Amino acid sequence: MAEAVESPGDPETTTSRPLMRDLKAVGKKFMHVLYPRKSNTLLRDWDLWGPLILCVTLALMLQRGSVDSEKDGGPQFAEVFVIVWFGAVTITLNSKLLGGNISFFQSLCVLGYCILPLTMAMLVCRLVLLAEPGPINFMVRLFVVIIMFAWSIVASTAFLADSQPPNRKALAVYPVFLFYFVISWMILTFTPQ
Amino acid sequence: MAAVDDLRFEEFGDTTTSLEANPDATTISIEDPGETPKHKPGPPKGLGREEDDELLGNDDSDKTELLAGQKKSSPFWTFEYYQTFFDVDTYQVFDRIKGSLLPIPGKNFVRLYIRSNPDLYGPFWICATLVFAIAISGNLSNFLIHLGEKTYHYVPEFRKVSIAATIIYAYAWLVPLALWGFLVWRNSKVMNIVSYSFLEIVCVYGYSLFIYIPTAILWIIPQKAVRWVLVTIALGISGSVLAMTFWPAVREDNRRIALATIVTIVLLHMLLSVGCLAYFFDAPEMDHLLTSTAAPNQTVVTAKSS
């Protein structure tokens, strides 16, 4: 982790090689989220670039691009950002207070990366919404969001569950469920102008 | 929990001092919490000392207070201090939720379930779930009510989440604070056998709000009668949990003040539920009135309501 952060700021090295290394690390973690196995890669070499990219993408896609955004009632860019980061911090604090032995940033890293399925769901929903609106449109979006929601939960539980004491696993996993549920709700109720 | 066994005192100095302070108190030794329910003497025999035993849960309240104070020994700026408030297992949280859903007359929620181990996990996450349940259900219910209208444009009213969060968390923390302050003040005037710490009161309030989560989800049904029946049931259950918890704390006091306290507690609870219903959920009848009027009025109303 240390070298991934320090090398971009180091004036001696060229920027392209460390950048490629960082991008490769981020890409590798994306693959780990998409095919969750019990591996320690996400936990060992944590970084927050992936979560940041995902969060910004999600927040941008949840915007409508309308002039009169107050009447919309939908979440603003800053609100999505706050929900994702504040939610992730709260869950991390919760799991640490319950006695989990995962570090603060490792947990943020896992929760942030596991938003990837939901970001993909948002992409799909935006594409589906270009078509004719109606109940079929809604059913397709609902189906996609439910699948991706389940995928996010499975992915994050695969990484986080082992760090909790065994008699408190459910207590630590429930807030993760609530977090991804709220994000899924925001994605599902997105309506363009 | 090993804490209770480890902290059991050999000397009887505490018992005698507490007897001097309060000659009417029944001093009972602390046993393993798992065993005490078996020693309970059957159903309550009415007012008097037997009811005291039931409500106290066979624990001396002075000793339990002392033990609660002993547990939190780390200074408040360390992380370990706050970890003591999350020292609960899954089954304990489920037990406490079950206790808040099934108020048994004569059983005190605090003595039976919390037993000097108040947690902040339950209150915090129940309130968080309730905030989102109310906001999402309100949104969904409004959508279903206005479903047939051509001119209705669905807006996910995101602002309401922050409003709901402010209301619920303010209720779950400020009302216990006020109640605790009031009980401490009355305790200085009239000697009460039962006194609760601030965290125990927060805990009771937090768990008593659990019933509102399924209630909020069922409020999606756009029938006025159904909603009011749900309000009554939820208020009945959680109100009785609160009333039975706090009755022993004010019983020794002036009868009028005791009754006024209990009535205020239940009234505030009712205000919360009715207020949430009124603010987050549109009335179903409004829909039928609006469809008969002209369309421009409708868009004005829906724009104003978001």
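Numbers restart at 1 for each chain; the letters A, B, ... are given by sequence-line order, proteins then strands. Since the model is a prediction, treat every value here as computed from it, not as a measurement.
Of the residues considered (B/Ile136, B/Asn139, B/Val93), B/Ile136 shows the highest number of contacts with chain A, using heavy-atom pairs under 4.5 Å. Contacts with chain B were tallied for A/Asn94, A/Thr90, A/Leu178, A/Val182; A/Asn94 has the most, counting heavy-atom pairs under 4.5 Å.
The minimum heavy-atom distance linking B/Ile213 with B/Ile126 is given by the pair CD1-O, 3.9 Å.
Both the sub-6.0 Å distance and the 45° axial angle are not jointly satisfied by A/Lys96 relative to the ring of B/Tyr82.
With a 4.5 angstrom heavy-atom cutoff, A/Ile83 touches chain B only via side-chain atoms. Contacts between B/Phe94 and chain A at a heavy-atom distance below 4.5 Å are absent for every atom of the residue. Contact annotation for B/Val161: neither backbone nor side-chain heavy atoms come within less than 4.5 Å of a heavy atom of chain A.
The ring-ring contact (aromatic ring centres under 6.0 Å, His included) check on B/Tyr205 picks up B/Tyr171, with sequence neighbours excluded.
In terms of modelled atom types and a separation under 3.5 Å, the side chain of A/Arg126 and the main chain of A/Met61 share a donor-acceptor contact.
Taking the six-membered ring where the residue is Trp, the centroids of B/Phe85 and B/Tyr121 are separated by 6.0 Å or more.
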